[in-house]
Number of protein chains: 2
Amino acid sequence: MNVKYKDILKEKGIRPSIIRLSVYTYFKENGGHHTVDFIYNELKDVLPTLSKTSIYNVLSLLVEYQLFKVVNIDQMETQYEIVSDEHSHFKCRVCNELFDIPCQHVHLNNEELNGYTIENQDLLFTGVCPKCNNKEKENE
Amino acid sequence: MNVKYKDILKEKGIRPSIIRLSVYTYFKENGGHHTVDFIYNELKDVLPTLSKTSIYNVLSLLVEYQLFKVVNIDQMETQYEIVSDEHSHFKCRVCNELFDIPCQHVHLNNEELNGYTIENQDLLFTGVCPKCNNKEKENE
DNA sequence: GTCCTTGCAAAGCGTTTGCACAGAA
DNA sequence: TTCTGTGCAAACGCTTTGCAAGGAC
């Protein structure tokens with residue numbers, strides 16, 4: 001399994017060190033968006049000499065090679081996710097959790113574009129997630 | 001002119017201190033999105049004893065009373081803007097400037113919503129702005 | 001007098017940097 | 001040996017906090 005991931009890194013021109021492979025594997029197997037701190041805590045038991053600096057390095061590298069994407073929401077800690085299908089994010093203002101929402105990209109017409117070259121777009125919804133909605137209903 | 005703004009603050013239940021009124025007036029007259037540091041530097045000549053803490057306080061207050069909105073883009077310093085019409089943001093990756101783009105909100109269909117209550121949405125485009133596009137063309 | 005506002009200094013916290021050591025090619 | 005990767009500690013920059021002084025009512 002890891003061999004597969006190793007090859008993906010190699011193909012991209014990234015030398016598959018243990019830390020790089022571990023980080024990449026973690027995201028591949030678990031999905032989602034995670035902070036440096038979270039990944040550090042997830043991997044430090046398996047890699048006892050691990051440092052947060054290395055997590056910063058590896059994640060920056062994976063972003064640079066366009067395997068990962070940075071997710072910046074509000075003043076929250078920076079999160080990272082694997083580059084994948086078009087989707088948007090939903091942040092619950094009650095539990096602060098961040099969800100992926102399937103969502104097509106917006107297509108602006110030419111008058112609006114007006115000379116701008118759009119290379120990327122990020123859509124963020126804020127509100128209340130299903131779980132917190134249910135809790136509020138229970139309390140009524 | 002400031003009297004008008006004074007009344008807007010009063011109506012919202014905000015006591016119009018000099019700093020609050022100055023900050024609010026600055027945004028009303030100049031528009032756009034600005035950082036704490038920028039506003040501090042714009043106002044410190046008029047208000048010599050001004051501190052950044054006060055700018056933080058005032059902007060947080062204006063956000064709390066829903067006159068202002070927080071704009072967080074990438075790892076850039078937090079910016080603030082007056083709550084106004086629906087629009088999205090465009091960040092130029094060359095000059096790093098942030099532009100307002102007129103843009104209707106996205107409306108998801110019910111299957112996608114799936115129990116989520118959407119209260120707000122922010123759309124961010126990234127790419128190259130017209131000015132930087134022209135510069136690139138000149139260099140070709 | 002009481003409450004709200006202001007401003008300084010310090011603390012906090014995520015992130016980056018410098019540098020030396022370790023490891024791979 | 002040379003180049004790349006790693007990890008510690010310190011520095012950095014934005015933001016928040018504690019607290020005391022000032023000002024409004």
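Per chain, numbering begins at 1; letters A, B, ... match sequence-line order. In this text, all values refer to a predicted model and were calculated from it rather than measured experimentally.
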Engineer: With a 4.5 Å cut-off on side-chain heavy atoms, are S22(A) and V46(A) touching?
Structural biologist: no
Engineer: Give a yes or no on whether Q66(B) atom CD has more than 12 heavy-atom contacts from other residues, nucleotides or ligands under 6.0 Å away.
Structural biologist: no
Engineer: First and last nucleotide of DNA chain D in contact with chain B, 5' to 3', at under 4.0 Å to a heavy atom: what are they?
Structural biologist: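 Counting from the 5' end, contacts occupy dC14(D) to dC25(D).
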Engineer: Answer whether the closest heavy-atom distance between the side chains of H34(B) and Y26(B) falls below 4.5 Å.
Structural biologist: yes
Engineer: Mind checking whether L62(B) and I14(B) have side chains closer than 4.5 Å, heavy atoms only?
Structural biologist: yes
Engineer: Write down the atom of H89(A), the atom of I101(A), and the distance for their closest heavy-atom approach.
Structural biologist: C-CG1, 4.3 Å
Engineer: Measure NZ/K44(B) against P/dC8(C) and give the value in whole Å, please.
Structural biologist: 12 Å
Engineer: For the NE2 atom of H87(B) and the CD atom of E81(B), what is their distance to the nearest 0.5 Å?
Structural biologist: 4.0 Å
Engineer: Which whole-number value in Å describes the distance from L50(B) CG to dC8(C) C1'?
Structural biologist: 13 Å
Engineer: Between I73(A) and T126(A), is any pair of side-chain heavy atoms under 4.5 Å apart?
Structural biologist: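 I73(A) vs T126(A): side chains apart.
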Engineer: Quick check on dG7(C): is either OP1 or OP2 less than 4.0 Å from any side-chain nitrogen or oxygen of S51(B)?
Structural biologist: yes
Engineer: Polar pairs (N or O, both sides) under 3.5 Å between protein and nucleotides 2-5 of chain C?
Structural biologist:
from   : atom 1 : to     : atom 2 : distance (Å)
dC4(C) : O4'    : R15(B) : NH2    : 3.3
dC4(C) : O3'    : R15(B) : NH2    : 3.1
dT5(C) : OP1    : R20(B) : NH1    : 2.5
dT5(C) : OP1    : R20(B) : NH2    : 2.7
dT5(C) : OP2    : R20(B) : NH2    : 3.4
dT5(C) : O5'    : R20(B) : NH2    : 3.2

Engineer: Is it true that, when you exclude I18(A) itself, more than 12 heavy atoms of the residues, nucleotides or ligands shown sit nearer than 6.0 Å to its CD1?
Structural biologist: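 No, the 6.0 Å shell around CD1 holds no more than 12 heavy atoms from other groups.
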Engineer: Side-chain contact test, heavy atoms from C-beta onward, threshold under 4.5 Å: evaluate it for F68(A) versus F27(A) and give yes or no.
Structural biologist: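 Yes, at least one pair of side-chain atoms sits under 4.5 Å.
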Engineer: Which nucleotides of nucleotides 9-18 of chain C have their base under 4.0 Å from a protein heavy atom (B), which only their sugar-phosphate (S), and which neither (-), written as one string 5' to 3'?
Structural biologist: B----SBBB-
Engineer: Determine whether R93(A) and N120(B) make a side-chain contact, defined as any pair of heavy atoms from C-beta on separated by less than 4.5 Å.
Structural biologist: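 When only atoms from C-beta onward are counted, N120(B) and R93(A) do not touch, as no gap falls below 4.5 Å.
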